[in-house]
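One structure below.
Both counts, for ligands and for their atoms, begin at 1 and track the order of listing.
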Amino acid sequence: MPSARIGVFDSGLGGLTVVRELLSQASGADILYVADQAHVPYGPRPLEQIRVFAEAISRYLREQGCGTVVMACNISSATALETVRVALPDIQCHGVIEPAVRSAMLGPPGAVGVMATAGTVSSRAYSRVLARSMPGTQVIEVACPEFVPIVEAGLTGTAEALDACRRYLAPLRGQAAQLILGCTHYPLLLPDLQAAASAMGWTMHVVDPAAEAAREAISSVGPAGTTAGRLVLSTTGDGARFGAQARAVLGYAVAPAVTELRWQDGRLTG
Ligand code: DGL
């Protein structure tokens with residue numbers, strides 16, 4: 001069994017939607033989270049660059065004693081999962097795309113809509129995994145480049161967020177039987193997405209991969225415990241700002257302490 005310390009990373013806030021699940025599933029494992037806010041958003045970046053970031057962050061998490069790493073980031077899962085598994089064979093590395101598709105397999109029959117970043121859509125990773133797991137299913141992928149900047153700027157619940165939701169949902173309305181949130185930031189927009197969908201007279205079946213991704217990671221660190229372990233948060237951006245953002249996502253009364261990490265010669269340092 002790998003060490004009972006789970007490393008989780010994303011470009012920013014979004015991966016906290018997976019951390020939230022890891023905490024609520026109470027594995028007893030310690031969780032180390034890295035938000036690479038120096039580079040957010042990942043979505044418009046070249047896929048090769050995402051691979052470099054994902055491998056360097058995974059190495060850092062391994063150095064911190066994590067035997068399991070969760071790429072709580074779809075674009076990293078789409079482009080870097082295999083690279084990191086080969087480069088770091090001594091840790092268990094999990095992505096979020098396979099868990100998302102497993103969850104969609106339990107959803108209603110019909111076309112599957114995927115909302116994701118431009119990079120994830122261009123990688124075609126969802127189309128490939130869905131074709132393998134749900135052969136014959138029509139897949140409609142929609143790139144939503146405005147969503148991550150909206151979430152990171154704390155603009156959820158605003159007219160701007162609602163307007164973006166309306167525009168990105170339009171091509172899926174009446175087409176998709178279910179909708180995969182193919183970016184870990186998007187569950188934070190769920191109230192806006194639901195409001196936009198209901199204004200269109202659409203009751204959406206939404207798939208958030210977080211719960212299944214957390215279950216998969218926990219199963220690789222052994223039997224589920226009954227308590228939540230320690231959570232250590234870090235960011236390559238501003239620690240105080242990320243602490244306030246994390247407080248809101250995790251529902252804490254006060255902002256948790258956050259360690260600031262820095263990129264130096266392609267490596268993360270504390
Ligand atoms: N939350 C990440 C994802 O799931 C990255 C989003 C971004 O930085 O563009 O793809």
Side-chain angles (χ1 to χ4, degrees), residues 7-22 33-58 69-81 83-84 93-101 103-104 113-129 141-156 161 164 168 179-190 192-193 206-214 216-217 233 235-237 241-242 245-246 249-250 263:
V8 184
F9 75 87
D10 182 35
S11 61
L13 271 186
L16 292 176
T17 59
V18 176
V19 168
R20 206 160 56 179
E21 278 296 329
L22 284 166
Y33 185 80
V34 174
D36 187 14
Q37 291 181 305
H39 294 135
V40 71
Y42 275 10
R45 292 177 180 274
L47 300 184
E48 185 44 42
Q49 197 176 41
I50 307 299
R51 242 172 252 132
V52 171
F53 295 156
E55 186 176 333
I57 299 170
S58 301
V69 167
V70 183
M71 296 187 178
C73 171
N74 287 260
I75 187 165
S76 302
S77 309
T79 61
L81 190 57
T83 309
V84 174
C93 199
H94 302 274
V96 285
I97 293 178
E98 300 273 355
V101 169
S103 305
V114 181
M115 297 181 113
T117 64
T120 300
V121 170
S122 74
S123 76
R124 311 281 298 150
Y126 269 101
S127 291
R128 270 199 310 279
V129 180
E141 297 196 56
V142 177
C144 309
E146 289 169 46
F147 278 174
V148 169
I150 285 174
V151 172
E152 289 285 326
L155 295 174
T156 54
Y168 293 139
L179 179 61
I180 295 178
L181 301 180
C183 169
T184 52
H185 282 74
Y186 298 179
L188 301 173
L189 275 164
L190 194 55
D192 299 290
L193 284 164
V206 173
V207 176
D208 172 358
E212 181 59 20
E216 183 181 299
L233 296 173
T235 179
T236 58
R241 182 166 181 270
F242 185 63
Q245 291 173 315
V249 175
L250 299 174
W263 285 100

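The backbone N or O of Ser123 sits less than 3.5 Å from a side-chain atom of Arg128, completing a donor-acceptor pair. Although no hydrogens or angles enter the test, the distance criterion places no donor-acceptor pair under 3.5 Å between the side chain of Arg45 and the main chain of Gly119.
The protein residues lying under 4.0 angstrom from ligand 1, judged by non-hydrogen atoms, are Asp10, Ser11, Val40, Pro41, Tyr42, Gly43, Cys73, Asn74, Ile75, Thr117, Val148, Cys183, Thr184, His185.
In the model, Thr120 has no side-chain atom that pairs as donor or acceptor with a side-chain atom of Asn74 under 3.5 Å.
At a threshold of 4.5 Å between non-hydrogen side-chain atoms, the residues Val69 and Val84 do not count as touching. When side chains are defined from C-beta on, His185 counts as touching Leu13, because their heavy atoms get closer than 4.5 Å.
The six-membered or imidazole ring of Phe147 lies near that of Tyr168, with a centre-to-centre distance under 6.0 Å.
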